[in-house]
**Student:** 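Just dropping this structure here.
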Amino acid sequence: MGKKEMIAMLLAGGQGSRLGVLTEDVAKPAVSFGGKYRIIDFPLSNCINSGVDTVGVLTQYQPLRLNSHIGIGMPWDLDRNNGGVMVLPPYESIENTDWYTGTANAIYQNIRYIENYDPDYVLILSGDHIYKMDYESMLDFHKDNKSDVTIAVMPVPMEEASRFGIMIADSEHRINEFEEKPEKPRSNLASMGIYIFSWPVLKDALLSLKNQSGLDFGKHIIPYCHDKGMRLFAYEFTGYWKDVGTLSSYWEANMELVDLIPEFNLYEEYWKVYTQSDNIEPQYLSADAVVERSIIGEGTEVYGEVHHSVIGTGVTIGKGTVVRDSIIMKDTCLGDNVDVSHAIIAECCKIGDNVKIGVGEFAPSKLNEKIYNADLAVIGERSVIPSNVSIGKNTAISGVTEPSDYEDGLLPSGDYIMKEGEDA
Amino acid sequence: MKALGIILAGGNNSKMQELSASRAIAAMPVGGNFRCIDFALSNMSNSHVKKVAVLTQYNSRSLNEHLNSSKWWDFGRKQGGLFLLTPTVTEDNSWWYRGTADAMFQNLIWLKRSHEPYVIITGGDCIYKLDYNRLLDFHIAKKADITVVCKDVDPHADISRFGVVRMNEDARITDFEEKPMVAQSNTISAGVYVIRRRQLIEMLERCAEEGRNDFVTDILIRYKNMKRIYGYKIEEYWANISTVESYYKANMDFLDRDVRTYFFKKEPKIYSRIDDLAPAKYNDGSDVHNSLVASGCIVNGKVENSLLFKKVFVGKNCVIKNSIILNDVYIGDNTHIENCIVESRGTLKANTYYSGGDGIKIVVEKNERYVL
C-alpha cells in the first residue's frame with residue numbers, strides 16, 4: 001500500500017447511551033440526522049472534502065447499521081484503490097483478545113492498519129458531532145507550529161466550560177495545562193475530541209501505555225505527551241460545531257436546520273455533505289397537504305400537515321395527521337388523523353390511526369431521569385404503536401406495542417414501554 | 001443473462017422545441033430527479049444485462065455528463081460494463097450515424113466481439129419498467145427472429161408518431177406500419193426489440209450493403225414477411241416523451257399515486273446519478289399541494305399540481321400551477337407561472353408572469369443570478 005501523509009481514525013464504537021431508545025439497536029454515529037443524513041456522514045464528508053482519503057472506522061457497539069451504511073464508501077468517494085474507508089471491528093488474536101477498552105486502546109489495537117500506510121500524521125476523529133471542518137488547514141497549523149499533538153478547540157461560554165475538557169493555551173496557542181471538566185474553569189477553550197498526532201509521537205505513547213486499562217486519549221495519551229514535554233497546540237475552531245449526545249441537543253440541532261437561514265447550511269455547493277441513501281425519488285405533497293418551516297427527505301409522501309419538523313426519507317404521513325416540532329426518521333409510517341407534537345420517532349416505525357403523541361403535562365421520567373428530561377416523546381426504531389392510543393410527554397417506547405400495553409388507551413407522561421424480544 | 005443491451009439515444013426531435021436545444025431526448029429530466037435514460041438503464045441492470053451500449057450523437061454532451069460514471073446503475077463490473085458509443089472517424093467511414101441501423105452497423109466490431117447470444121435493443125426516450133428476462137423467454141419460446149414489445153393504446157389517441165402493428169392470435173406480427181396517416185390498429189411498437197446477435201449482425205451488414213440505415217423501416221418492415229417477427233404485449237405503464245405534450249403528460253402522470261408506487265416504491269427500483277443535495281426545505285409562506293418536490297429545493301411560495309425538479313428555489317408570494325420546473329431554476333419573488341415548462345438553470349426575475357394559456361409554454365430565461 002502506498003504512503004499517505006495523513007490518515008484518519010474515526011472512533012465510532014460508542015453507544016451514546018444518553019440518546020436512550022434511539023441507540024438501542026444502532027451505534028450513535030449511525031443515528032439519522034437532518035432528514036437524510038446519519039451523524040457519521042459529517043466527519044466522513046469532512047475527510048474527503050479535506051483531502052483525507054484513508055479512513056479507518058473503529059466500530060464496536062451495534063455495528064450492523066454502520067457497516068451497511070459505510071459499505072465500500074462509495075457515497076463519500078472513499079472507494080479507493082489505495083486507501084479509502086475500512087471498518088475496523090475488534091478481533092481475536094493469540095494473546096490479548098479484547099474488546100476496545102478505550103478510545104486510545106482501539107487505536108492501539110489497529111497499529112498495523114496505520115503502519116500499512118506509513119503516515120506522517122494521524123487524525124483522530126469521533127463520530128458524534130455535527131460540523132464542517134477543513135482538516136487540511138488544521139494539518140497546516142500542526143506543521144507550522146512544529147507541533148507534536150494538535151488539539152482542535154472551540155471557545156464555549158464560560159458558564160458551560162465545566163462540562164468539557166478545557167485547554168489552557170498561551171498567546172502562541174501552545175497548551176500549557178488542561179483540565180477535565182473543571183469546577184472553576186480557567187479558560188473557555190473546550191477540546192472537540194479532534195486530534196492530529198505526528199505518528200511517531202502517538203505510536204510511542206500507545207506502546208508505552210499499552211497496559212493501561214481503558215486507555216483513553218483525554219485521560220491518558222494527552223497527559224502522557226504533556227508530561228514528556230511534547231509540543232501540544234490548540235487549534236481554534238469557530239464554525240458551527242454541535243454535540244448531539246443528548247436527546248434535547250439532538251432535537252435542537254435538527255430543528256436549527258429548519259431556520260430561514262440555518263447557521264449550519266446544508267445547501268452550500270463547496271462543502272457538500274454526502275450520504276448513502278436507498279431513496280432517491282422526489283417527495284410528494286398531496287392536494288390536502290400543509291407543509292411549512294420543515295425539511296423533508298426524498299421519497300416521503302405527505303397527505304397531512306407538517307409544521308416546524310424534520311422528516312426523513314421514505315416517510316408516509318397519513319391524511320388528517322398533524323406533525324409539529326418533531327423529528328420523524330426514515331421509512332416510518334404514520335397513519336391517518338395522528339397528532340404528533342414534540343416527538344422523536346426513529347426509523348421504520350408503524351404508527352396506527354388516531355394516535356396522539358405528546359399529550360398532557362410534563363412529568364419526570366420513571367425510566368431514567370438523566371436521559372429523559374425534556375418534553376420529548378421518544379420512540380425507538382421498528383416500534384409499532386396501535387391505533388387509538390395516546391402517549392404523554394417525556395415518554396419512551398421501544399418494540400411492538402399492543403393496545404393492552406396502554407391502560408385506558410394512554411401512556412401517561414414520564415412513563416415508558418420497553419418490549420423485549422425479537423423484532424416483528 | 002444471455003443478452004447484450006443497446007440503448008438508442010441518438011435522436012433529435014423538433015417536436016421537443018427548445019427543450020432539446022442543448023440536450024439529447026434521452027437526457028430529458030423526468031419525474032423529479034431522473035433522466036429518461038435511467039429507465040432503460042435500470043431495466044438493463046435489474047434484468048442482469050451486464051454489457052450495455054448507449055448509441056448517441058445529437059447533443060451527446062448531456063448524456064455524457066449524466067453517464068460519466070456507470071456505478072449508479074451498477075455497471076462498473078469486471079464483466080461487461082457501460083459503453084457510450086458516439087460516431088468516430090475511421091479509415092473507411094467518416095459519416096455521422098445516418099439512422100438507427102447505421103449506428104449499430106458502425107459499431108459492428110463491438111457486436112462481433114461480444115459473446116452473448118442475444119441483443120436487447122431499446123429506445124432511450126421511453127418511461128417503462130420491464131424485466132427483459134421475461135421478454136427473452138417469450139422470444140425463445142416463440143422461436144422468433146425478432147420480438148417487438150407492443151402496447152395497446154387508447155383508440156382515440158394520436159398514434160401517428162409510432163409504429164403501428166397488427167398481430168395474429170399467435171402474437172406473430174402480420175403488419176407493421178411506421179408512422180401511418182391512418183392507423184389500422186391501436187397496438188403500437190414500444191421501441192424495444194430482442195434479436196439474436198448473429199442475426200442482427202447479418203441484417204446490419206446486408207442493410208449497409210444496400211445503403212439502408214433505419215432499423216424499423218429497413219429491417220423490421222422490410223423483413224416482416226420473411227422473418228418470424230413476434231409482438232410481446234405489455235399491460236404496464238409505458239410512455240414515450242418525444243413531444244412537448246407527451247413529455248408534459250408523462251411527468252404529470254407521476255402525480256398519480258399508482259404511477260409513483262409502481263415506479264418508486266415497488267421493486268425493482270429505478271436508479272439515477274446521485275447529486276448529494278440537501279433535503280427539500282419549506283419556509284414560512286410555503287403552500288404546496290399535489291406536487292412532487294425533489295431534493296435541494298427551497299420553497300417560499302405556492303405550488304400546485306406541479307413538479308419541482310432538483311435545486312429549485314421558489315421565492316416569496318410566487319404562484320406555480322400546472323407547471324414543470326426543471327433542475328436548478330431560481331424563481332424570484334411574486335412570480336406567476338402557469339402551464340409552463342421552465343428550462344433547467346433558468347433564472348426568473350421577480351414580479352414576472354408566465355402562462356401557457358390553453359397549451360404549454362416553454363420558458364427559457366437566462367438572466368443573471370446574484371443570490372445563493
Side-chain angles (χ1 to χ4, degrees), chain A residues 33-37 41 45 72 74-77 79 254 257-262 264-269 272-303 306-316 331, chain B residues 29-34 38 42 69 71-72 74 76 251 254-257 259-261 263-265 269-300 303-313 316 328 372:
Chain A
F33 184 85
K36 64 183 282 190
Y37 305 100
D41 291 335
S45 301
I72 57 164
M74 193 166 92
W76 305 272
D77 248 352
D79 48 337
N254 271 282
L257 297 173
V258 173
D259 291 345
L260 186 59
I261 296 170
F264 189 71
N265 196 341
L266 294 165
Y267 298 83
E268 288 169 338
E269 270 299 307
K272 274 194 175 178
V273 181
Y274 305 103
T275 188
Q276 194 272 332
S277 182
D278 305 329
N279 300 300
I280 60 167
E281 64 272 14
Q283 54 200 265
Y284 175 73
L285 277 59
S286 82
D288 310 320
V290 177
V291 176
E292 46 123 30
R293 287 193 302 142
S294 298
I295 58 173
I296 299 186
E298 282 102 338
T300 286
E301 306 241 324
V302 182
Y303 296 92
V306 180
H307 304 273
H308 193 246
S309 294
V310 173
I311 314 290
T313 61
V315 173
T316 307
D331 294 338
Chain B
V30 168
N33 54 344
F34 298 90
D38 289 334
S42 301
S69 171
K71 62 182 169 184
W72 312 121
D74 240 351
N251 273 297
F254 283 94
L255 294 180
D256 182 65
R257 191 173 192 168
V259 173
R260 277 200 316 279
T261 306
F263 280 109
F264 298 160
K265 306 288 177 197
K269 291 223 174 180
I270 305 296
Y271 315 108
S272 189
R273 200 170 100 134
I274 308 286
D275 278 305
D276 296 288
L277 295 165
K281 187 161 185 289
Y282 301 86
N283 290 330
D284 265 331
S286 83
D287 186 14
V288 185
H289 302 287
N290 191 35
S291 295
L292 275 176
V293 180
S295 36
C297 288
I298 299 179
V299 184
N300 296 288
V303 181
E304 217 177 275
N305 308 326
S306 296
L307 275 79
L308 305 186
F309 281 66
K310 292 184 268 197
K311 253 183 101 182
V312 170
F313 180 91
K316 284 181 196 149
D328 193 12
L372 287 178

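Note on naming: letters A, B, ... go to the chains in the order of the sequence lines (proteins, then strands), and numbering restarts at 1 for each one.
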**Student:** Looking at side-chain heavy atoms only, is the closest gap between B:Asn290 and A:Tyr284 below 4.5 Å?
**Tutor:** yes
**Student:** Decide yes or no for B:Asp284 and A:Leu260: does some side-chain heavy atom of the first lie under 4.5 Å from some side-chain heavy atom of the second?
**Tutor:**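 The answer is no; the side chains never approach within 4.5 Å.
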**Student:** Going by heavy atoms in the side chains, are B:Lys269 and A:Asn279 under 4.5 Å from each other?
**Tutor:** yes
**Student:** Just verifying a value: how many Å separate A:Ile261 CD1 and B:Lys281 NZ, rounded to the nearest 0.5 Å?
**Tutor:** 8.0 Å
**Student:** Specify which of A:Ile295, A:Leu285, A:Asp288 makes the most heavy-atom pairs with chain B at under 4.5 Å.
**Tutor:**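 Option with the top pair count is A:Leu285.
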**Student:** As an exercise: rank A:Glu292, A:Arg293, A:Met74 by heavy-atom pairs under 4.5 Å with chain B and give me the winner.
**Tutor:**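 Option with the top pair count is A:Arg293.
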**Student:** Is any side-chain heavy atom of B:Phe34 less than 4.5 Å from a side-chain heavy atom of A:Glu281?
**Tutor:** yes
**Student:** Hey, what do you get for CG (B:Leu255) to OG (A:Ser286), rounding to the nearest 0.5 Å?
**Tutor:**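 The distance works out to 11.0 Å.
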**Student:** Kindly give the heavy-atom pair with the smallest separation between A:Gly34 and B:Pro279, and that separation in Å.
**Tutor:**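 For A:Gly34 and B:Pro279, the tightest heavy-atom pair comes out as O-CG, 3.3 Å.
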**Student:** Measure A:Asp79 against the heavy atoms of chain B and call it side chain, backbone, both or neither at under 4.5 Å.
**Tutor:**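 Side chain only.
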**Student:** Please classify the contact between A:Val310 and chain B as side chain, backbone, both or neither, with a heavy-atom cut-off of under 4.5 Å.
**Tutor:** neither
**Student:** Between atom CG of B:Leu277 and atom NZ of A:Lys272, what is the distance when rounded to the nearest 0.5 Å?
**Tutor:** 5.0 Å
**Student:** Just how far is it from atom OH of A:Tyr37 to atom CG of B:Asp276, taken to the nearest 0.5 Å?
**Tutor:** 7.5 Å
**Student:** Name the region of A:Lys36, side chain, backbone, both or neither, that has any atom closer than 4.5 Å to a heavy atom of chain B.
**Tutor:**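 Both backbone and side chain of A:Lys36 come within 4.5 Å of chain B.
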**Student:** Counting only non-hydrogen atoms closer than 4.5 Å, does B:Leu292 touch chain A with its backbone (N, CA, C, O), its side chain (CB onward), both, or neither?
**Tutor:**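 For B:Leu292, heavy atoms of backbone and side chain both lie under 4.5 Å from chain A.
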**Student:** Under a 4.5 Å heavy-atom cutoff, which of B:Gly32, B:Ala280, B:Ser295 has the most pairs with chain A?
**Tutor:**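 Of B:Gly32, B:Ala280, B:Ser295, B:Ala280 has the most heavy-atom pairs under 4.5 Å with chain A.
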**Student:** Is it the backbone or the side chain of A:Ile311 that comes under 4.5 Å from a heavy atom of chain B, or both, or neither?
**Tutor:** neither
**Student:** Just give me the residue among A:Leu266, A:Val291, A:Asp259 that pairs up with chain B most often, heavy atom to heavy atom, under 4.5 Å.
**Tutor:** A:Val291
**Student:** Which of the residues A:Ser45, A:Gly35, A:Ala289 is involved in the greatest number of heavy-atom pairs with chain B at under 4.5 angstrom?
**Tutor:**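 The candidate making the most pairs under 4.5 Å is A:Ala289.
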**Student:** In terms of heavy-atom pairs under 4.5 Å with chain B, which of A:Glu268, A:Glu298, A:Glu301 leads?
**Tutor:** A:Glu301
**Student:** Which answer fits A:Glu269, side chain, backbone, both or neither, if we ask what part of it has an atom under 4.5 Å from a heavy atom of chain B?
**Tutor:** side chain
**Student:** Of the backbone (N, CA, C, O) and the side chain (C-beta and beyond), which part of A:Val273 lies under 4.5 Å from a heavy atom of chain B, both, or neither?
**Tutor:**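 Just the backbone, heavy atoms under 4.5 Å.
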**Student:** Could you pull out the closest heavy-atom pair between A:Ile280 and B:Ser272, with the gap in Å?
**Tutor:**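 Closest heavy-atom pair between A:Ile280 and B:Ser272: CD1-N, 3.5 Å.
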**Student:** How many angstroms lie between atom NZ of B:Lys71 and atom CD1 of A:Ile72, to the nearest 0.5 angstrom?
**Tutor:**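 Separation between the atoms: 8.0 Å.
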**Student:** What's the separation between atom CD in A:Gln283 and atom CZ in B:Phe264, rounded to the nearest 0.5 Å?
**Tutor:**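 Output value for this atom pair is 12.0 Å.
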**Student:** Of all of B:Arg257, B:Lys310, B:His289, which one pairs up most often with chain A through heavy atoms under 4.5 Å apart?
**Tutor:** B:His289
